[in-house]
Amino acid sequence: MARTWTMAASTAPCLLLALLLVAGHGVAGASGIRVDVIRLPSAPPFPAFREAPAFRNGDECPPRGSPEGRVDVAMTLDANYLRGTMAAVFSILQHTACPESVAFHFLAARRDGPDPLAAIRATFPYLDPTVYRFDPSRVRGRISRSVRHALDQPLNYARIYLADTLPADVRRVIYLDSDVVVVDDVRKLWSVDLGGHVVAAPEYCHANFTKYFTDAFWSDPELSATFRGRRPCYFNTGVMVMDVAKWRLGGYTRRVEEWMAVQKQKRIYHLGSLPPFLLVLAGDIKAVDHRWNQHGLGGDNMEGKCRSLHPGPISLLHWSGKGKPWLRLDSRKPCTVDYLWAPYDLYKAAATALEE
């Protein structure tokens, strides 16, 4: 009896399931039994972002689409830094009196796979950004290994080729890294007088400039002579105003590439795209107020430890260095300065998406 009960108990669920399937589809024999597969929606290619509000020009601004008063801003578009790019764009639009006069130019490394521009358009549906293909092969053979893998990515060098990429009607551009937020009207930075220089940026003459190059560079009289007649100071290439026409005319892309070729033969620096910029331009840029680049908030390139704000007024916050605010906030180990980035974060967490 016990054995018979056990067999019946084990087969009953199977019989019941069969009867339910037949009842659900009619009695049409075994061939009429159909089992539907429920397909769960696939995960989106990018994190979900909230749609940003529409920002409109003030009365003092030119009509939308007018070349008069246009501010050209260039950034790279990298899926790994998309959350930072969203925050940067949001901050620019929120703090300028003429948001519809800002033209965004994005340099993307590839078009295969998910398109980060689609996420930008969904978050800022009223924007009309332009995206340009940057061919990684153009620079890949010129890159030398640096102290941090992220600095070795081809897109990190795209700023060298801005003048070769942007259309001819763009004669001046603001280049910004993806780990910044702008808390002032970007038109103030745009309107800086370049004074005949090709680049304007905050420069830091108190920094130890010699550390950006190796002993092999400084001990070579021919190489180190490149700074003769200049007073070179460190500047951060994550925030620059560039005279695009003058860059083209002066052949600055080629000049930067020549130093990258030297680096391939003789290791003269350790960081990524910054040192060749310094070799060509340090001591020959238009200095901008430090308020336009509160840099280093991501700590150093090795550990990314927390840092405090520099004293003085602030127009732009820059998380250069290893630590990025969105990663530290997500890990529940934020630095104090990361809370200044958080209000511009448009990321919609999975929990929030479910609740909605």
Evaluation steps, salt bridge (charged side-chain N to carboxylate O under 4.0 Å, His left out), between Arg83 and Asp330: CA-CA 12 Å; Arg83 192 166 164 188; Asp330 286 353; 2.6 Å; yes
Full working for side chain to side chain contact (heavy atoms under 4.5 Å, CB included) between Ile285 and Val198: CA-CA 7 Å; Ile285 70 168; Val198 69; over 6 Å; no
Audit row: Val199, Asp243, side chain to side chain contact (heavy atoms under 4.5 Å, CB included) steps and yes/no: CA-CA 6 Å; Val199 163; Asp243 185 325; over 6 Å; no
Intermediate values then yes/no, side-chain hydrogen bond (donor to acceptor under 3.5 Å, both in side chains), Trp326 and Asp338: CA-CA 8 Å; Trp326 56 92; Asp338 297 339; over 6 Å; no
Derivation of the side chain to side chain contact (heavy atoms under 4.5 Å, CB included) call for Asn236 and Ser320: CA-CA 9 Å; Asn236 184 283; Ser320 57; 4.1 Å; yes
Stepwise side chain to side chain contact (heavy atoms under 4.5 Å, CB included) test for Tyr81 and Thr76: CA-CA 9 Å; Tyr81 288 84; Thr76 57; over 6 Å; no
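Using cut-offs of 30° and 60° for the angle between ring planes, the Tyr347 and Phe49 rings count as perpendicular. Note: Phe209 and Trp218 have perpendicular aromatic rings, judged against thresholds of 30 and 60 degrees for the angle between ring planes. Between Phe213 and Tyr269, the ring-plane angle classifies as perpendicular under the 30° and 60° cut-offs.
Contact check on Lys188 versus Asp289 returns no salt bridge, with no Lys/Arg side-chain nitrogen under 4.0 Å from an Asp/Glu carboxylate oxygen. By the 4.0 Å N-to-carboxylate-O rule, Asp177 lies close enough to Arg159 to be salt-bridged with it. Comment: Asp215 does not engage Arg267 in a salt bridge, judged by the lack of any side-chain N to carboxylate O separation of less than 4.0 angstrom.
Screening residues 194-209 for side-chain hydrogen bond (donor to acceptor under 3.5 Å, both in side chains), with sequence neighbours left out, gives His197-Asp284, Tyr204-His295, Asn208-Thr210. Applying the side-chain hydrogen bond (donor to acceptor under 3.5 Å, both in side chains) definition to pairs two or more places apart or across chains, none involves residues 121-130. Among residue pairs with one or both ends in residues 229-277, those qualifying as disulfide bond (SG atoms under 2.5 Å apart) are Cys205-Cys233; sequence neighbours excluded.
You'll find the side chain of Leu82 reaches within 4.5 Å of the side chain of Leu77, heavy atoms only. No side-chain heavy atom of Val181 sits less than 4.5 Å from a side-chain heavy atom of Gln294. Asp179 places none of its side-chain heavy atoms less than 4.5 Å from the side chain of Leu297. By the 4.5 Å heavy-atom criterion applied to side chains, Val89 and Met75 are counted as neighbours. Using a 4.5 Å heavy-atom cutoff, the side chains of Val170 and His105 are in contact. Residues Leu189 and Ile174 meet the side-chain proximity criterion, which asks for heavy atoms closer than 4.5 Å. At least one side-chain heavy atom of Cys98 sits less than 4.5 Å from a side-chain heavy atom of Arg187. No side-chain heavy atom of Lys246 sits less than 4.5 Å from a side-chain heavy atom of Arg171.
Counting only N and O atoms by type, the side chains of Trp190 and Asp72 include no donor and acceptor under 3.5 Å apart. Side-chain polar atoms of Tyr157 and Glu257 form no donor-acceptor pair below 3.5 angstrom. Of the N and O atoms on the side chains of Asn57 and Ser101, at least one donor lies less than 3.5 Å from an acceptor on the other residue.
Side chain of Arg254 to main chain of Gly250: no donor-acceptor pair is present (N/O by atom type, distance under 3.5 Å, no hydrogens or angles). For Gln263 (side chain) and Ile268 (main-chain N/O), a donor-acceptor pair under 3.5 Å exists by modelled atom type. In terms of modelled atom types and a separation under 3.5 Å, the side chain of Ser331 and the main chain of Arg328 share a donor-acceptor contact. Thr96 places no side-chain N or O within 3.5 Å of a backbone atom of Ile92 that could act as its donor or acceptor partner. Arg248 places a side-chain N or O within 3.5 Å of a backbone atom of Ala163 that can act as its donor or acceptor partner. Not one N or O on the side chain of Lys324 forms a donor-acceptor pair closer than 3.5 Å with the backbone of Gly298.
The shortest non-hydrogen separation linking Tyr132 to Leu166 is CE1-CD2, 3.9 Å. Listed here is the closest heavy atom pair of Trp341 and Leu329: CE3-CD1, 3.8 Å. In this structure, Val192 and Ala200 approach most closely via the heavy-atom pair CG1-CB, 4.1 Å. The minimum heavy-atom distance between Leu194 and Arg172, with the atom names listed, is CD1-NH2, 3.4 Å. Nearest heavy-atom pair, Pro343 versus Phe90, reported as atom, atom and distance to 0.1 Å: O-CE2, 4.1 Å. For the pair Ala109 and Leu155, the tightest heavy-atom approach, listed with the atom from each and the gap, is N-CD1, 3.9 Å.
In Glu60, the CD atom is crowded: over 12 heavy atoms of neighbouring residues, nucleotides or ligands sit closer than 6.0 Å. The number of heavy-atom neighbours closer than 6.0 Å to CZ of Arg231, taken from other residues, nucleotides and ligands shown, is 12 or below.
Rounding to the nearest 0.5 Å places CZ of Arg70 at 5.0 Å from CG of Asp169. Expressed to the nearest 0.5 Å, how far CG of Asp184 lies from OG of Ser91 amounts to 11.0 Å. The CG atom of Leu309 lies 6.0 Å from the CG atom of Leu340; values are rounded to the nearest 0.5 Å. Atoms CZ and CD, from Phe217 and Glu222 in turn, are 11.0 Å apart once rounded to the nearest 0.5 Å. Taking CG of Leu107 as the reference point, atom CG of Leu162 lies at 5.5 Å (rounded to 0.5 Å). Here Lys322 contributes atom NZ and Leu327 contributes atom CG; the two are 11.0 Å apart, rounded to the nearest 0.5 Å.
Two different hydrophobic clusters hold Val256 and Leu249 under the rule that ILVMFWY side chains link at heavy-atom gaps under 4.5 Å.
Here Tyr252 pairs with Trp247 under the ring-ring contact (aromatic ring centres under 6.0 Å, His included) rule; sequence neighbours left out. With sequence neighbours left out, the ring-ring contact (aromatic ring centres under 6.0 Å, His included) criterion links Tyr175 to no other residue. Taking the side chain to side chain donor-acceptor pair (under 3.5 Å) definition, one finds that Thr165 meets it with nothing, sequence neighbours left out.
Here Phe134 and Tyr161 bring their ring centres to under 6.0 angstrom of each other.
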